[in-house]
Participant: 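Supplied in structure tokens, the structure appears directly below.
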Amino acid sequence: MTHSRDLSRRTVLLAGLSGLALSACDQISGAPKPKASFNAVDITGAEYARKLSLPDFDGQVRSLAQFKGKVVFLFFGFTQCPDVCPTTMAELAEVRRRLGPSGDKLQGVFVTIDPERDTPPVLKAYLQALDPSFVGLRGTLGQTEDAGREFKVFYQKVETKNGGYTMDHTAGAFVFDPEGQVRLFVRYGLGADALTADIKQILGLPADPAKKA
């Protein structure tokens, strides 16, 4: 009788351990995927940079919602910028080229912080010389201020010795995923390699094997 009871206890114990093992496997298989690791600053879930509605260089009002389905790279700048703005937008054009056919899934959006000088024709010519797909947005001074506050972007006029002015501004861009959620803040100087890798990750594209190795 004692041997039978011991055997019974061992059977129950083994069954319990098997159940725990299955439970552990279920938990592992259902565990959340590891958080994405980006080269740019991950601002997923930020409570700013959520809305934008401004006329483009053709007079059509554009909002972030209209770009859903694409990754949006949004930058605040001005056409007379000597370095940061043209470098940033040229790098974005290069990223689109590197993505090949998937480049159509990346939309460049440029918001001018200098609407007084960046007239629609000036803005359109500037951007389309870099990439015909780029969209330029130009609001009134008040609309531009509102957009700057929503995105926590700094900019201001700086008088020059010749009586004109230039613009100091935040040298960074915002990246939105295809669902329209802000995901990244891209600091100036990140480079086309790192930005391409981040955009591929958001699009769910495989990484470049050469870069990965």
Participant: So, are Arg96 and Asp104 salt-bridged, with charged N and O less than 4.0 Å apart?
Facilitator: yes
Participant: If hydrophobic clusters are built by linking Ile, Leu, Val, Met, Phe, Trp and Tyr wherever their side-chain heavy atoms come under 4.5 Å apart, do Leu52 and Phe110 end up in the same one?
Facilitator: no
Participant: Is the positively charged end of Arg117 above the ring of Tyr165, judged by distance under 6.0 angstrom from the centroid and angle within 45° of the axis?
Facilitator: yes
Participant: The criterion is ring-ring contact (aromatic ring centres under 6.0 Å, His included); which residues satisfy it with Phe38, sequence neighbours excluded?
Facilitator: none
Participant: Same cluster or not: are Val111 and Val122 linked, directly or through other Ile, Leu, Val, Met, Phe, Trp or Tyr residues, by side-chain heavy atoms under 4.5 angstrom apart?
Facilitator: no
Participant: Check for me, please, whether Val182 and Val135 land in the same ILVMFWY cluster - side-chain distances under 4.5 Å, paths through other members count.
Facilitator: yes
Participant: For the pair Gln143 (side chain) and Thr140 (backbone), establish whether a donor and an acceptor sit closer than 3.5 Å, ignoring hydrogens and angles.
Facilitator: yes
Participant: In terms of hydrophobic clustering (I, L, V, M, F, W, Y; side-chain heavy atoms under 4.5 Å; direct or indirect links), are Leu184 and Tyr188 co-clustered?
Facilitator: yes
Participant: Would the distance check show the side chain of Thr112 and the main-chain N or O of Asp114 forming a donor-acceptor pair, the cut-off being under 3.5 Å?
Facilitator: yes
Participant: Could you tell me which residues satisfy ring-ring contact (aromatic ring centres under 6.0 Å, His included) with Phe151, sequence neighbours excluded, listed by chain and number?
Facilitator: Phe76, Phe174
Participant: Between Arg187 and Gly172, is there a donor-acceptor pair closer than 3.5 Å when you use the side chain of the first and the backbone of the second?
Facilitator: no
Participant: Begin with the C-alpha distance, continue with both residues' side-chain angles, and end with the deciding distance and a verdict on side-chain contact (heavy atoms from CB on, under 4.5 Å) for Phe67 and Arg62.
Facilitator: CA-CA 9 Å; Phe67 300 111; Arg62 300 292 193 107; 3.5 Å; yes
Participant: Are any side-chain N or O atoms of Arg98 and backbone N or O atoms of Thr196, one a donor and one an acceptor, separated by less than 3.5 Å?
Facilitator: no
Participant: Please assess Phe57 against Leu127 for the test side-chain contact (heavy atoms from CB on, under 4.5 Å), listing each intermediate value before the final yes or no.
Facilitator: CA-CA 10 Å; Phe57 42 54; Leu127 291 172; 4.1 Å; yes
Participant: Look up atom CG in Leu74 and atom CG in Leu137, then write down how far apart they are to the nearest 0.5 Å.
Facilitator: 7.0 Å
Participant: Donor-acceptor pair, distance only, cut-off 3.5 Å: does the side chain of Gln128 make one with the backbone of Ala125?
Facilitator: no
Participant: Mark yes or no for whether Asp118, through its side chain, and Thr79, through its backbone, hold a donor-acceptor pair below 3.5 Å.
Facilitator: yes
Participant: Would a distance-only check, ignoring hydrogens and angles, find a side-chain to backbone donor-acceptor pair under 3.5 Å from Arg138 to Pro115?
Facilitator: yes
Participant: Quick one: does any side-chain atom of Asp131 pair with a main-chain N or O of Ser133 as donor and acceptor, under 3.5 Å?
Facilitator: yes
Participant: Please identify each residue that fulfils salt bridge (Lys or Arg N to Asp or Glu O under 4.0 Å) with Lys157, with sequence neighbours left out.
Facilitator: Glu116
Participant: Verify, without hydrogens or angle tests, whether Asp177 (side chain) and Gln181 (backbone) share a donor-acceptor contact under 3.5 angstrom.
Facilitator: yes
Participant: Before you tell me yes or no, could you show the steps for Arg183 and Ile43 under side-chain contact (heavy atoms from CB on, under 4.5 Å), namely the whole-Å CA-CA distance, both residues' side-chain angles and the distance that decides it to 0.1 Å?
Facilitator: CA-CA 5 Å; Arg183 299 296 302 280; Ile43 58 171; over 6 Å; no
Participant: Taking it one step at a time, do His169 and Phe78 satisfy ring pair (Phe, Tyr, Trp, His ring centres under 6.0 Å)?
Facilitator: CA-CA 9 Å; His169 64 100; Phe78 65 114; 5.7 Å; yes
